[in-house]
Participant: 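Have a look at this one before I ask anything.
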Amino acid sequence: MTEIPVTRAFAESLDRAAPLTQFRDEFPMASQCLYLDGNSLGLLSRRAEASLLAILDSWRTYGIDGWSTGSYRWFDLSEHLGHMMAPLVGAQPHEVIVTGSTTVNLHQLLATFYRPHGERRKILADALAFPSDIYAISSHLLLHGLSPDEALVQVPSHDGFTLSEDDIIDAMTPDVALVLLPSVLFVSGQLLDIPKLTEAAHERHIIIGFDLAHSVGVLPHALSQWGVDFAFWCTYKYLNGGPGSVAALYVAERHHGIRPGLAGWFSSDKTVQFDMAHQLIPAPDAGAFQIGTPHLLSLAPLIGSLDMYSETTIDIIRAKSVQLTHYLMELATARLKDFNVRVVTPQEEAQRGGHVALAHPEAVRICKALKDRQVIPDYRPPEVIRLAPSPLYTTYTDIWDTVNHIWHIMHEREYAQYPLKREIVS
Ligand SMILES: *Cc1c(COP(=O)(O)O)cnc(C)c1O
């Protein structure tokens, strides 16, 4: 790593030359604290607030007619937002639909694509996966009368933080029916090589899907080009859609027309939905993977939030994100190594997502001390502090100040005043 000047003035000079600074004022809270938790819950923007109020207003003004009139017709808003989101994941517009929740979408996709047959019955995942994904996989194995102990294979990690793509590929044996992996690992921030893994799975006739929760909105994807079978993601992290905002999914065009595993009347081809027939004619696009009435009030903030993404490109966002995380890692290495704080996110640009993970045995108490200093990180057991610079609103100076706060907390052993117990929500 190159040496960087460890001065606040240097951070300020980086900010003066940085792209995307026009967006920071859109997020009122960004200047009220040091918010490094945009990978858990992104901040409210003025535009998201305005679009939420606009949908409330259409309800007030039109009542039931809001489904078909107003500036944002509710009936096809999910499709409309899917089209807006498609460039963020490198998909064709009709391959993306905004619907459901992250975990519900995974259930839908497993119900659709997990088809155990003959020898091929196993699902391959990884030992560092987000628990909800593992619970969902286990549900589907059990529904098929299989035991997760036997039919769920989790590729182990050698260091507790990262995975080896070669290990994953080696585990793609002829008894595997489906592979589910994260794009970016939620704890360490490692970015997996999606095209390589997809190609390996397809050579072995295995369906492969990705959980994009920690990559969407912060780095580019080319799902269609890579040939990924399916993907799903939440919209309340880097996409700033608000707590519990409606999630999204992608299904490759070649799978369109198949019957959704979990059908409901919103799976229907929209032109005949109101015929109320009992014979489902699924939508000809990713819309078929919807189930019921869209949650309009939780969709609404996304209109404003995605509008911001239409004013820049995901490549510009990624370039800034890479520089912010690089700066953060260099600064943390330079200033915190004496305190045994380790950067556990991969150093190589191609192997890291949008957040940086610092490991220290006192991580819980350091996070508490940070919060008292108006710095918002998050904690992941057993010993990781996650810091996510959001390219739309985090500055280099925010990063300098954050590392400086950690330096003080370590230098003065301030963390030692805090109880060891973590909070219920961390
Ligand atoms: C945040 C996150 C989820 C969230 O699932 P919800 O259904 O929205 O609660 C799922 N997977 C990963 C990897 C996540 O980081």
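Reckoned from all heavy atoms, side chains included, excluding hydrogens, waters and symmetry mates. Every number for a ligand or one of its atoms is a count from 1 in the order of the listing.
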Participant: Considering only heavy atoms of Tyr236, which atoms of ligand 1 have at least one such atom less than 4.0 Å away?
Facilitator: 1 (C), 4 (C), 5 (O), 6 (P), 8 (O), 9 (O)
Participant: Among all protein heavy atoms in this structure, tell me which lies nearest to atom 3 (C) of ligand 1, with the distance rounded to 0.1 Å.
Facilitator: Phe130 CE2, 3.5 Å
Participant: Of all the non-hydrogen atoms in the protein, which one sits nearest to atom 5 (O) of ligand 1, and at what distance?
Facilitator: Thr102 CB, 3.3 Å
Participant: Examine His144 together with Tyr114 and report whether their ring centres are nearer than 6.0 Å.
Facilitator: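 Distance test on ring centres: under 6.0 Å, yes.
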Participant: Pairs under 3.5 angstrom only: tabulate donor-acceptor contacts from the side chains of residues 282-301 to other protein residues two or more places apart or in another chain.
Facilitator:
| residue | atom | partner | partner atom | Å |
| --- | --- | --- | --- | --- |
| Asp285 | OD1 | Gly287 | N | 2.9 |
| Gln290 | NE2 | Glu79 | OE2 | 3.1 |
| Gln290 | NE2 | Gly287 | O | 3.0 |

Participant: Under 6.0 Å between ring centres: does that hold for Phe210 and Trp226?
Facilitator: no
Participant: For ligand 1, does Ala213 get within less than 4.0 Å through its side chain, its backbone, both, or neither, judged by non-hydrogen atoms?
Facilitator: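 It is the side chain that gets close, since no backbone atom is under 4.0 Å.
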Participant: Between Tyr393 and Tyr35, how do the two ring planes meet: parallel, tilted or perpendicular, split at 30° and 60°?
Facilitator: tilted
Participant: As an exercise, identify every atom of ligand 1 less than 4.0 angstrom from a heavy atom of Lys237.
Facilitator: 1 (C), 2 (C), 3 (C), 14 (C), 15 (O)
Participant: Centre-to-centre under 6.0 Å for His107 and His140, is that the case here?
Facilitator: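 Centroid separation for His107 and His140: below 6.0 Å.
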Participant: If the cut-off is 4.0 Å to any non-hydrogen atom of His214, which atoms of ligand 1 fall inside it?
Facilitator: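 Atoms satisfying the 4.0 Å criterion: 15 (O).
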Participant: Under 6.0 Å between the ring centres of Phe113 and Phe230?
Facilitator: yes
Participant: Rounded to the nearest 0.5 Å, how far does CZ of Arg204 lie from CG of Leu124?
Facilitator: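 Here the interatomic distance stands at 11.0 Å.
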Participant: Starting from atom 13 (C) of ligand 1, locate the nearest protein heavy atom and write down its residue, its atom name and how far away it is, to 0.1 Å.
Facilitator: Asp211 OD2, 3.1 Å
Participant: I need the atoms of ligand 1 closer than 4.0 Å to a non-hydrogen atom of Thr103, numbered in the order shown.
Facilitator: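 Within the 4.0 Å cut-off of Thr103, ligand 1 contributes 5 (O), 6 (P), 7 (O).
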Participant: For ligand 1, is any non-hydrogen atom under 4.0 Å from Asp133's backbone (N, CA, C, O), its side chain (CB onward), both, or neither?
Facilitator: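 The answer is the side chain.
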